[in-house]
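Worksheet: the structure to be examined is printed underneath.
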Amino acid sequence: MLDAGHRLSDPESFRAASRRGHRAGTRTIVTHLLLPSEQQVSGVSATAARAGFTVSKAVGVAVVRNRVKRRLRHAVRERIDALPAGSLLVVRAQPAAAAASYAELVSDLDRCLQRVGVATDVSLEAR
């Protein structure tokens, strides 16, 4: 589970990251990363990077959605320190994520983060 300081929970932040963030997608997920320099909120200090997840009913029934969300949350938790301080990350699951393995979700997340310019040094072999 993500620490409370790393959770993205307010709807305005989700909206900002989804609309103005750098987008990268794969078959199973789509990521939106909004860097602190691109945020239009004044008076906010550089806090920890925050991440939020969107898993719609198109992914599957509640059990499947929650499993996908847990897997994504765990994968992001290992990579949250690689994100710039104050950035907002929204990870949206595609319907194909329901049938994907954890390793495939991690691989797709790393690929998306590299596309938006975040270098991740966490690998499957390191765990």
Side-chain angles (χ1 to χ4, degrees):
M1 184 156 210
L2 282 174
D3 294 334
H6 291 297
R7 290 185 204 137
L8 185 61
S9 58
D10 60 303
E12 186 55 41
S13 296
F14 268 93
R15 202 172 299 118
S18 297
R19 290 183 181 168
R20 295 193 312 265
H22 298 277
R23 180 185 180 277
T26 62
R27 188 178 70 84
T28 60
I29 62 171
V30 175
T31 60
H32 301 270
L33 180 68
L34 184 62
L35 299 172
S37 60
E38 300 165 343
Q39 296 177 21
Q40 297 175 348
V41 179
S42 60
V44 175
S45 63
T47 60
R50 296 183 297 156
F53 304 91
T54 304
V55 183
S56 73
K57 288 185 179 181
V59 174
V61 296
V63 172
V64 174
R65 293 193 309 267
N66 288 330
R67 181 176 58 235
V68 168
K69 198 181 323 180
R70 278 193 312 269
R71 288 176 174 178
L72 290 173
R73 195 180 307 128
H74 183 73
V76 168
R77 182 181 66 182
E78 295 175 344
R79 290 151 181 78
I80 196 82
D81 292 332
L83 299 175
S87 61
L88 305 176
L89 175 69
V90 173
V91 180
R92 182 169 42 100
Q94 299 286 68
S101 67
Y102 176 73
E104 186 177 356
L105 289 173
V106 167
S107 173
D108 286 351
L109 178 64
D110 286 340
R111 190 175 311 119
C112 286
L113 290 177
Q114 288 173 354
R115 287 181 187 166
V116 295
V118 176
T120 58
D121 57 355
V122 178
S123 66
L124 291 174
E125 295 79 33
R127 286 186 280 127

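Both backbone and side-chain heavy atoms feed into the values below; hydrogens, waters and symmetry mates do not.
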Handout entry: Distance (rounded to the nearest 0.5 Å) between L113 CG and D108 CG
Key = 11.0 Å

Fill in the blank from the handout: The side-chain contact (heavy atoms from CB on, under 4.5 Å) partners of A24 (sequence neighbours excluded) come to T31, C112, R115, V116

Problem - Qualifying salt bridge (Lys or Arg N to Asp or Glu O under 4.0 Å) pairs, either residue in residues 66-77, two or more places apart - result: none

Donor-acceptor contacts, no H, no angles, side chain residues 81-97, under 3.5 Å, sequence neighbours left out:
unit_1	atom_1	unit_2	atom_2	d
S87	OG	P84	O	2.7

Could you go through residues 4-18 and list every donor-acceptor pair under 3.5 Å that involves a side-chain atom there, pairing it with any protein atom two or more places apart or in another chain?
unit_1	atom_1	unit_2	atom_2	d
H6	ND1	A49	O	2.8
R7	NE	L2	O	3.1
R7	NH2	L2	O	3.0
D10	OD1	S13	OG	2.9
D10	OD2	S13	N	3.3
D10	OD2	S13	OG	2.7
E12	OE1	R15	NH1	2.8
S18	OG	F14	O	2.9

Practice task
May I ask whether V68 and V76 are part of the same hydrophobic cluster, defined by side-chain heavy atoms of I, L, V, M, F, W, Y residues being less than 4.5 angstrom apart, directly or through others?
Solution key: yes

Practice task
Report whether I80 and L72 are members of the same hydrophobic cluster (ILVMFWY, side-chain heavy atoms less than 4.5 Å apart, transitive linking).
Solution key: yes

Completion exercise
salt bridge (Lys or Arg N to Asp or Glu O under 4.0 Å) pairs touching residues 53-64, sequence neighbours excluded, are none

Exercise for the section: Taking R23 for its side chain and H32 for its backbone only, find out whether a donor-acceptor pair lies under 3.5 Å. Expected result: no

Fill in the blank from the handout: Across all chains, not counting sequence neighbours, the side-chain contact (heavy atoms from CB on, under 4.5 Å) partners of S37 are L35

Problem - Chi angles and distances behind the side-chain contact (heavy atoms from CB on, under 4.5 Å) call for L109, I29 - result: CA-CA 7 Å; L109 178 64; I29 62 171; 3.9 Å; yes

